[in-house]
Structure formats: structure tokens, C-alpha cells
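So the structure is just underneath, and the comments pick up after that.
Counting starts at 1 for both ligands and their atoms, in listed order. Sequence positions, counted from 1, serve as the residue numbers for this chain.
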Amino acid sequence: MKKKLVFLTGAGISAESGITTFRDSGGLWEQYRVEDVASIEGYYRNPELVTNFYNERRNQLMEVEPNEAHRLVAKLEEKYDVCVVTQNVDDLHERAGSTNIIHLHGELRKITSSRNPNDPSQIETLPEGRSITYPDDRARDGSPARPFIVWFGEPVPMIEAAAEQVGTADILVVIGTSLNVYPAAGLLNYARSDAQIYLIDPSPANVPQYMNIHIIAKKASEGMRQLCDEL
Ligand code: OAD
């Protein structure tokens, strides 16, 4: 039986593809106020601003490609039973070929109902090539169509599925996350005490010493190459 390898990824894995992270210097949260563009109150206050913010993110996503780190994560499916738990709303893991992905914070290429955002029957993928939505677009239930993004203060429906994956991992690899945002950051606590844990990040977050985490303080691609050699 293949060993279980779980990745927990954040914005840093997509940085080398050209997608701006959130909290690094020059990051998105220096350019926008989180409460304006990533909260339900911000959306009620100014749907146009929020719609445009996600349109820009989608336009950017259409111009970039997965990088070597995404590709190496996908390639490890040849040898391991891999699950990718990602905080990213981009689709670069999918485009690199990963087949088992849990998106904790939603997906940029999808829209949903404002009334019932997590009802699967309301979630729609935008057609290939379409990156723009409008504030007066409607979801299937007739309510305003909003981005399928988990905003601050909203529940994270996929957290239990993610915790189950982390809790059964033989190897857990955390890549490119500041581990600032809960509940995602708390997933580390679900790791088995005998799991091997790696953290790949050029500026690694502080992690509990008792977990004996193997830190690879490198960018995602170089760090993934090292990981593949060490596994
Ligand atoms: P952050 O921007 O908070 O953290 C990015 C991490 O990536 C930092 O630890 C950087 O050191 C690291 N990093 C930068 N360049 C890297 C590279 N080339 N290779 C590897 N790592 C690199 O992003 P997240 O932790 O993903 O939520 O943020 C978590 C959540 O906060 C996001 O999902 C988003 C945001 O608000 C929502 O939008 C709902």
C-alpha cells in the first residue's frame, strides 16, 4: 500500500508563478483592506469593488502557469497516495495535474449564491475563458452571484475533510503559508505524532518545537526538489 502524503499549501507555492502573496512585503493585504474585499460586510457595502477585485485576480490567473513546485507535488502521485489541502483559490494544482485537492478557501473560477453559498447545487464554474463577472449577475436561486470564496468570518466547510486527511498522513508537507489564518493554521495539530512533517518556506512561520518539523527554508520549487531527494 502506498504511503499517505498530505500537502498543506498557501500563497507561497504560487509565488514563483507570479501570483502575489497576501502578507509578504508588497503583498495583497498591503494594497487592499481585507475588510473591504474579503468580508461579507465589504461585499454588502460595495459589491462593485469586491466583484472587480476578484475579476482582477481571475484575469491574473489566466496569465500564469503552474510552476515546478506544483508539478512536483502532482508527480508524487506516482509513488504516494497524495492529498493536497490548499488555502489557495487559484487552480494551479489542478492545472499541474494533482487529482485529489481540497480547497479550504474556495475557488476563484467559481461563483455561487449569496443566499446559500455552500449549497453544491448553487456553485457554478465560469466557462473557459470567462474571467469577468458583474455585480448584477444572478445565481441559480435568483440571489446575487458572489465569488465562491470563503471570506473572513465565514465558516470553512471543508475543514473537517481536511483535518481527516491530515490526521491520516504518514508524511505532511506544509508549503508557503504564514500560518496566520485559522482554522487552516490549526490543521498542523491534527498530524499524527509519528508523522514526518516538513515545512518549505523561505521565511518559515514559527512552529511548535515539540513537533520536530523538518524545515527547508527555500522557495517552493527548490524546496520541493530537495524534498523529493530526501523522501
Ligand atoms: P501569506 O501571504 O500569509 O503567506 C505567504 C507565505 O509564503 C509566507 O510564509 C512567505 O514566506 C511564503 N513565500 C513567499 N514566497 C515564497 C516562495 N517563492 N516559495 C515558498 N514560500 C514562499 O499567505 P497564506 O498563508 O496562504 O485567504 O494566507 C492564508 C490566507 O490568508 C489566504 O488563503 C487568504 C488570505 O487572506 C482568503 O483569501 C480567504
When you measure from the centre of the six-membered ring of F53, is the NZ or CZ of R57 under 6.0 Å away and within 45° of the axis?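 Geometry flag: set, cation within 6.0 Å and 45°.
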Which is it for D201 and R23 under the salt bridge (charged side-chain N to carboxylate O under 4.0 Å, His left out) test, yes or no, and what are the steps along the way? CA-CA 13 Å; D201 195 306; R23 296 176 184 78; over 6 Å; no
R146 vs E154, test: salt bridge (charged side-chain N to carboxylate O under 4.0 Å, His left out). Steps then yes/no. CA-CA 14 Å; R146 58 167 271 183; E154 294 191 313; 2.9 Å; yes
Over all heavy atoms of both residues, which pair between K2 and D81 is shortest? Give the atoms and the distance, please.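 That closest heavy-atom pairing would be CB-N, 3.8 Å.
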Any protein N/O atoms within less than 3.5 Å of an N/O atom in ligand 1? List the atom names and distances, or say none.
unit_1, atom_1, unit_2, atom_2, d
ligand 1, 2 (O), F22, N, 2.8
ligand 1, 2 (O), R23, N, 2.8
ligand 1, 3 (O), R23, NH1, 2.7
ligand 1, 3 (O), S178, OG, 2.5
ligand 1, 4 (O), S178, N, 3.3
ligand 1, 7 (O), G176, O, 3.3
ligand 1, 9 (O), D201, OD1, 3.4
ligand 1, 9 (O), D201, OD2, 2.8
ligand 1, 11 (O), D201, OD1, 2.6
ligand 1, 19 (N), G12, O, 3.2
ligand 1, 19 (N), A220, N, 2.9
ligand 1, 25 (O), T177, OG1, 2.7
ligand 1, 25 (O), S178, N, 2.9
ligand 1, 25 (O), S178, OG, 3.4
ligand 1, 26 (O), A11, N, 2.8
ligand 1, 28 (O), R23, NH1, 3.1
ligand 1, 31 (O), R23, NH1, 3.0
ligand 1, 31 (O), R23, NH2, 3.2
ligand 1, 33 (O), Q87, O, 3.1
ligand 1, 33 (O), H105, ND1, 2.8
ligand 1, 36 (O), R23, NH2, 3.4
ligand 1, 36 (O), W29, NE1, 3.0

Can you find a heavy atom in the side chain of T133 that is under 4.5 Å from one in the side chain of N55?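 Yes - at least one pair of side-chain heavy atoms lies under 4.5 Å apart.
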Any idea how W29 and F22 line up, ring-wise: parallel (<30°), tilted (30 to 60°), or perpendicular (>60°)?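 Tilted.
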